[in-house]
Number of protein chains: 2
Amino acid sequence: MSRWKPDGRGRLEKAALELYNHKGFEATTVAEIAGRAGLTERTFYRHFADKRAVLFPSDNPLPAILADATASAPVPLPPLEVVTHALIEAAPVYEEREDLVRQRQAVIAANPELQERELAKLAALAATLTQALRERGLDTTTAALAAEIGIAAFKVAYERWINDPDEHTLAQHIRETLDTAKHLTTPAEHAAATDNVSFTGQQGTA
Amino acid sequence: MSRWKPDGRGRLEKAALELYNHKGFEATTVAEIAGRAGLTERTFYRHFADKRAVLFPSDNPLPAILADATASAPVPLPPLEVVTHALIEAAPVYEEREDLVRQRQAVIAANPELQERELAKLAALAATLTQALRERGLDTTTAALAAEIGIAAFKVAYERWINDPDEHTLAQHIRETLDTAKHLTTPAEHAAATDNVSFTGQQGTA
DNA sequence: GTCCTGATGTCAGTTCGTGACATCACTGTA
DNA sequence: TACAGTGATGTCACGAACTGACATCAGGAC
């Protein structure tokens, strides 16, 4: 028989997610994770760069999907439509793993360190999109702007998807959010649509 | 005479920036910073939450400026114009400290950990903007979207300002970038403006 | 069979970050 | 003038995050 139980990496991922959920990210030590997976701390660091990386898989398919979708979009499409197309192509990656994504998101939402890492990952996706748009012939600024705005809209759409359970698909939220974005420069009835203004008194100057 | 030299915090900030510049962020230990400032490591942590915080001042005036400018903008303005107005109001904070800002940015650009923190700070600004927009009567989604798009555009404008020395002011870059954003959904001559397409072959799948 | 490879273990060390307690110039007050 | 209180700092001890160097040893290649 084999010298070790198979898929050490998978066991570490599973153990980490369980512990992060059960007792919180900060309160969980790497030694605990490794122990639960039947491995040592040192081995954890052979699979993951740090304690946070275990939640951010390195075999992430999103960059490739975004790059391919951007490259293959019809040529006459305006930049933000290309980005919208690419993001909708990527949506199934989330939708197909909904349970895991939600569990993961709950852990991230509870910890600022993990939120930082999440933002970094999104920024990396924006960089991927930027490069792919440049390869379509866009100048650097336009490419970067379309990419960053696309990711900005994705953030909002993703949060809505997470918070409005099975109301819509993520792809639908992305489509709707980017449609909303188009009207942000017209002086329509944006103001005081309803009176549900929250007078909390705090300014959120964190 | 006083028991200690005055402005320990300031000395720590100065020492940290010098060392981060000179030998890099990672290679600099907190003990070194404290030593150079004539203090101890423990005292460093009384002034700053961690090694990175020394580059991100806690008395940051930006949230208040953005919140105030958002609250005081003319009512009939479309959401993205309100955000543009607020960002331009905030620009002098950077422009007035240009030397320090550039030095700080060089350090951040050289280190992923610091880039993460920078992204987190920008996300906090987006949250501040979102709240201020909601208090103007915008619904949550529109507010969040306008705020995130504004910050996305700010990122691009800021990077252009940093890289194009004294070409334009930051405020001008912000204005131009957000003007560009308005045309991102129209199928104009975005494609192949010139032939400076870079065929690097790599997909940037980091 | 022997050699090599690769995933893991062991161990020692550095650095980050924190809690607990000590010090002592300065400040106010009787 | 004495004396208590305050606050910025120092000292010490410690847990936990990472890392480099070397050891182990099943299984596959030849």
Side-chain angles (χ1 to χ4, degrees), chain A residues 1-20 22-59 107-108 110-118 120, chain B residues 1-20 22-59 107-108 110-118 120:
Chain A
M1 70 174 217
S2 189
R3 187 172 175 192
W4 297 285
K5 287 196 291 181
D7 193 22
R9 186 191 183 89
R11 268 149 50 216
L12 285 168
E13 283 177 359
K14 183 164 175 290
L17 192 55
E18 287 166 358
L19 287 170
Y20 291 169
H22 180 257
K23 48 185 292 190
F25 174 78
E26 288 197 51
T28 303
T29 70
V30 174
E32 281 178 295
I33 298 167
R36 172 180 276 243
L39 295 167
T40 64
E41 189 175 352
R42 191 68 185 86
T43 296
F44 177 94
Y45 286 109
R46 289 205 178 89
H47 286 286
F48 306 103
D50 58 55
K51 199 182 158 187
R52 290 178 280 170
V54 67
L55 287 172
F56 300 90
S58 54
D59 62 340
V107 174
I108 293 174
N111 193 280
E113 275 184 84
L114 296 172
Q115 290 160 37
E116 282 192 19
R117 181 61 60 91
E118 173 103 314
Chain B
M1 73 172 214
S2 187
R3 187 171 174 191
W4 296 285
K5 288 197 292 183
D7 194 21
R9 185 193 183 89
R11 270 149 50 217
L12 286 168
E13 282 177 2
K14 184 165 175 290
L17 192 55
E18 287 166 358
L19 287 170
Y20 291 170
H22 180 258
K23 49 186 290 190
F25 173 79
E26 287 198 52
T28 303
T29 70
V30 173
E32 279 178 296
I33 299 168
R36 172 180 275 243
L39 293 167
T40 63
E41 189 176 350
R42 191 65 185 86
T43 296
F44 176 95
Y45 286 111
R46 290 203 178 89
H47 286 288
F48 306 103
D50 58 56
K51 201 181 159 189
R52 290 179 280 171
V54 68
L55 286 172
F56 301 89
S58 53
D59 63 341
V107 175
I108 292 174
N111 192 282
E113 275 184 84
L114 295 171
Q115 290 161 37
E116 283 192 17
R117 181 62 60 92
E118 174 104 313

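Below, read A as the first sequence line, B as the second, and so on, with proteins coming before strands; counting in each chain starts at 1. As the structure is a computational prediction, the values presented were derived from the model and not from experiment.
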Separation of F25(A) atom CZ from dA16(D) atom P, in whole Å?
14 Å

Take the protein atom CG of D50(B) and the nucleotide atom C1' of dC16(C), then report the distance between them rounded to whole Å.
9 Å

Once you round it to whole Å, what is the distance between P of dA17(D) and CZ of F48(A)?
15 Å

Checking R11(A) now: which residues fulfil side chain to side chain contact (heavy atoms under 4.5 Å, CB included) with it, not counting sequence neighbours?
K5(A), A37(A), L39(A)

With salt bridge (Lys or Arg N to Asp or Glu O under 4.0 Å) as the rule and sequence neighbours excluded, what pairs involving residues 50-59 of chain A come up?
D50(A)-R117(A), R52(A)-E116(B)

dT18(C) P sits how many Å from K51(B) NZ, rounded?
14 Å

Chi angles and distances behind the side chain to side chain contact (heavy atoms under 4.5 Å, CB included) call for I108(B), F25(B):
CA-CA 9 Å; I108(B) 292 174; F25(B) 173 79; over 6 Å; no

Where protein sits on nucleotides 7-15 of chain D, one letter per nucleotide: B base, S sugar-phosphate only, - none, heavy atoms under 4.0 Å
BBBBB----

Pairs satisfying salt bridge (Lys or Arg N to Asp or Glu O under 4.0 Å), at least one member in residues 35-48 of chain A, at least two apart
E18(A)-R36(A)

Looking at Y45(A), I'd like to know whether one of its side-chain N or O atoms comes within less than 4.0 Å of OP1 or OP2 on dT19(D).
no

By side-chain hydrogen bond (donor to acceptor under 3.5 Å, both in side chains), E13(B) pairs with (sequence neighbours left out) none

For K23(B), the side chain to side chain contact (heavy atoms under 4.5 Å, CB included) test, sequence neighbours excluded, returns L19(B), A27(B), T28(B), E32(B)

Send over the distance from E32(A) CD to dC18(D) P, rounded to a whole Å.
15 Å

